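This report refers to the structure that appears directly beneath it.
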Amino acid sequence: MTQVSNLGYPRLGENREWKKAIEAYWAGNQTQEQLEENLRELRLDALKKQAEAGIDLIPVGDFSFYDHILDLSYQFNIIPDRFANQESSLDLYYAIARGNKENVASSMKKWFNTNYHYIVPEWSSRTKPRLTNTRLLDLYKEAREQVGDKAKPVITGPITYVALSSGVDDFTVAVKKLLPLYKEVFTQLVDAGATYIQVDEPIFVTDEGEELVEAAKCVYAYFAKEVPQAKLVFQTYFEALVKADQLSDLPVAAFGLDLVHGREENLDAINKGYFEGKEVFAGVVNGRNIWAVDLKASADILQAIEGKVAKLVVQPSSSLLHVPVTTKNETELEPVLKNGLAFADEKLVELRLLADRLDGKESEGFAKHVADFDALQAADFRHVQLEDISSVKTERAPFADRQKIQAAKLNLPILPTTTIGSFPQSPEIRRTRLAWKRGDISDQDYKDFINQEIARWIKIQEDLDLDVLVHGEFERVDMVEFFGQKLAGFTTTKLGWVQSYGSRAVKPPIIYGDVKHIQPLTVEETVYAQSLTDRPVKGMLTGPITITNWSFERDDISRADLFNQIALAIKDEIALLEEAGIAIIQVDEAALREGLPLRKAKQKAYLDDAVASFRIATSSVEDDTQIHTHMCYSKFDEIIDSIRALDADVISIETSRSHGDIIESFETAVYPLGIGLGVYDIHSPRVPSQDEVVANIKRPLQRLSKEQFWVNPDCGLKTRREPETIAALEILVASTKEVRQQLKNR
Ligand code: GLN
Ligand code: ZN
């Protein structure tokens with residue numbers, strides 16, 4: 001019988017119960033015991049569901065109270081020095097993730113090319129790895145009681161863990177320090193009855209992984225010798241395994257391969273016979289998109305490789321952490337669309353159908369699934385119509401000329417202050433929106449309420465003495481979903497939530513057909529805000545790359561075509577804003593970096609497409625219209641040329657949480673355009689001190705000119721609360737004035 005495995009299941013719960021429980025604990029409305037009980041229930045529910053769906057190897061340890069990498073750091077005692085003398089507790093765990101009054105949080109980074117963020121492990125010369133708890137063992141024992149032998153522990157492997165760490169002096173030394181800890185964990189698990197243990201080593205799909213082959217040989221030889229009873233699955237995802245000719249020799253029981261995102265390359269390696277004598281866990285169902293799988297094509301792939309490996313196990317391409325729980329509540333979608341979708345639970349069904357097919361079992365489920373899949377492909381809305389873009393402007397006047405014209409028009413002080421767009425979405429806003437969605441209040445009442453908030457915040461911003469104001473994005477739950485609701489070609493789900501970082505979840509819209517601008521998206525709110533003030537109000541749009549990267553995109557058209565379709569829609573909206581007298585328009589590309597392919601060889605094409613589409617969206621404006629863009633933190637050095645090529649008049653960038661790394665790439669690359677390097681971290685409720693902010697303004701001014709520098713927080717403020725937001729912005733403005741004064745006196 002062909003076995004089915006799963007790599008990870010969504011943590012959030014069908015109704016985001018996970019998020020609600022954790023936030024209730026943070027707010028002091030739930031005790032630790034209640035939180036633990038709530039999360040235990042969710043965890044056990046997920047196990048049960050997977051067992052019922054016929055999954056033979058059910059992941060254990062993928063569940064977390066925040067993030068799986070933080071879990072490992074905590075278990076290994078790899079906690080930042082500034083937290084080191086604090087007593088071990090759940091609050092310490094959360095403090096590392098979110099910061100507290102005394103200390104800043106650890107950095108977070110994108111988990112490979114996904115929109116999930118992990119907490120970066122921080123090492124120093126004082127780090128002394130040791131096991132502080134028996135987390136995975138406890139979870140495994142708990143799972144065994146529920147699903148018996150089907151429980152399969154999951155842990156991130158040592159090489160990936162260290163590769164994702166910061167502050168590591170000597171890679172090999174750090175890995176060596178961890179090996180006895182892994183050995184102990186594996187031994188405990190094996191003693192408790194575990195057979196397969198999934199060891200996630202996704203670093204081995206990246207260019208960096210190519211350099212780590214020797215390290216892998218040492219590490220996995222050590223495990224084979226020290227814990228021979230453990231059947232390790234060397235699990236990779238998001239791309240093909242690098243150096244398969246060498247890595248396939250590792251002394252592990254099985255390899256988990258992504259046959260969706262790394263299909264050609266991985267199949268090629270299998271066909272060359274590299275995995276003869278090894279078990280292969282074949283990831284044929286896309287763990288990152290929401291379309292139903294092509295069962296027949298996938299079954300063909302599986303059949304073709306079955307004879308070339310010692311044993312074939314069917315699984316998703318990656319953890320299902322990246323998709324929502326179930327389509328069953330999406331009752332408002334057109335049936336042909338709904339039946340063509342597969343979230344986590346539906347993917348479990350697909351996996352079982354595939355395994356049964358391999359075993360020669362004909363099931364009704366299979367035929368029905370194929371019919372649904374075919375119906376979607378045949379639907380009218382799947383027919384692609386591309387517009388001609390050859391006559392669209394993609395080149396603006398030289399920056400120096402624009403800069404002069406814009407300066408004359410806007411008349412801003414040096415070091416202009418602004419924010420990234422959103423202001424706190426208070427409980428009142430959320431309540432009112434809910435009431436409106438339920439039909440309890442009228443459209444007009446809701447609109448009036450939003451306008452009131454806009455007016456209140458225009459006043460607050462004027463009182464704070466900010467230079468460039470924003471309307472606050474109160475009408476948006478999410479910077480992508482909002483556009484999805486108004487553009488043709490998109491649909492939104494009711495409960496299609498996916499974890500982004502910590503308790504924060506996003507609900508990506510689904511792009512299912514041709515994208516078109518069919519109505520104004522943001523004009524009303526922006527123009528209303530501008531009518532209340534003499535200071536410029538910045539229009540706020542999301543760019544084509546970010547809309548694509550943060551949507552579930554259709555898989556039947558090229559990414560470049562999709563970028564361009566969305567770019568044309570954004571261009572139409574920019575024209576409307578410009579016509580209505582808005583002088584500054586920000587086009588957020590928060591997700592540009594995260595969509596970067598993992599392999600160098602594929603990056604240039606992506607970046608070129610991305611830049612081209614951004615320019616399609618933004619180049620048709622007048623010279624005196626100032627285009628801003630905003631990007632969230634990440635490593636920028638390798639894409640700085642493309643960022644330059646966007647030719648935005650001003651870019652604002654997250655920086656605080658990377659503790660300076662990013663600033664360097666902008667400082668040293670002599671970035672010539674307007675730039676705002678975030679001067680405080682908005683991901684933490686902590687209000688910065690004036691000294692800190694002054695230092696954050698002055699440091700980059702050693703390299704960047706005062707004519708090009710902008711002062712802003714490092715991201716949108718919607719997740720913050722009002723008092724801390726105002727307090728932090730007061731500091732931001734006061735700090736700017738202090739630096740302006742110093743510059744004047746020089
Ligand atoms: N304009 C958006 C906001 O302020 C940008 C958010 C983001 O970069 N993620 O919320
Ligand atoms: Zn941001």
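Model, not experiment: these values are computed from the prediction. As a basis for the values below, the full set of heavy atoms in this structure was taken, side chains included, without hydrogen atoms, waters or symmetry mates. Order of listing sets the numbers, starting from 1, for every ligand and every atom in it.
Heavy-atom proximity to Cys632, at under 4.0 Å, picks out these atoms of ligand 1: 7 (C), 8 (O), 9 (N). Within the listing of ligand 1, atoms 3 (C), 4 (O), 10 (O) sit less than 4.0 angstrom from a heavy atom of Gly716. Below 4.0 Å from some heavy atom of Met479 lie the following atoms of ligand 1, by number and element: 5 (C), 6 (C), 7 (C), 9 (N). Near Gly421, with a cut-off below 4.0 Å to any heavy atom, the atoms of ligand 1 are 4 (O).
Seen from the Zn ion (ligand 2), atom SG on Cys715 and atom NE2 on His630 lie at an angle near 120° (rounded to 10 degrees).
Side chain to side chain, Glu473 and His471 fail the donor-acceptor criterion of an N or O pair below 3.5 Å. Between Arg11 and His68, the side chains place a donor N or O and an acceptor N or O closer than 3.5 Å (distance only, hydrogens not considered). Under the 3.5 Å distance criterion, with hydrogens and angles disregarded, no donor-acceptor pair is assigned to the side chains of Gln499 and Trp18.
Residue, atom and distance of the protein heavy atom nearest to atom 2 (C) of ligand 1 are Asp588 OD2, 3.3 Å. In this structure, the protein non-hydrogen atom closest to atom 3 (C) of ligand 1 is Ser422 OG, 3.3 Å.
Note that Arg431 lies outside the cation-pi zone of Trp436, set by a 6.0 Å cut-off to the ring centre and a 45° limit from the axis. Cation-pi geometry between Arg288 and Phe238 is met: the NZ or CZ atom falls under 6.0 Å from the ring centre, inside 45° of the normal.
Where the criterion is an N or O separation shorter than 3.5 Å, residue side chain and backbone included, Cys715 fails it with respect to ligand 1. The shortest N or O to N or O distance between Trp550 and ligand 1 is not below 3.5 Å. Residue Glu473 has at least one nitrogen or oxygen atom sitting less than 3.5 Å from a nitrogen or oxygen atom of ligand 1, judged on distance alone.
Considering Leu541, Asp649, Thr629 as possible partners of Ile585, the one that fulfils the side chain to side chain contact (heavy atoms under 4.5 Å, CB included) test is Leu541.
Below 30°, between 30° and 60°, or above 60°: for Phe423 and Trp457 the angle between ring planes is below 30°, a parallel geometry.
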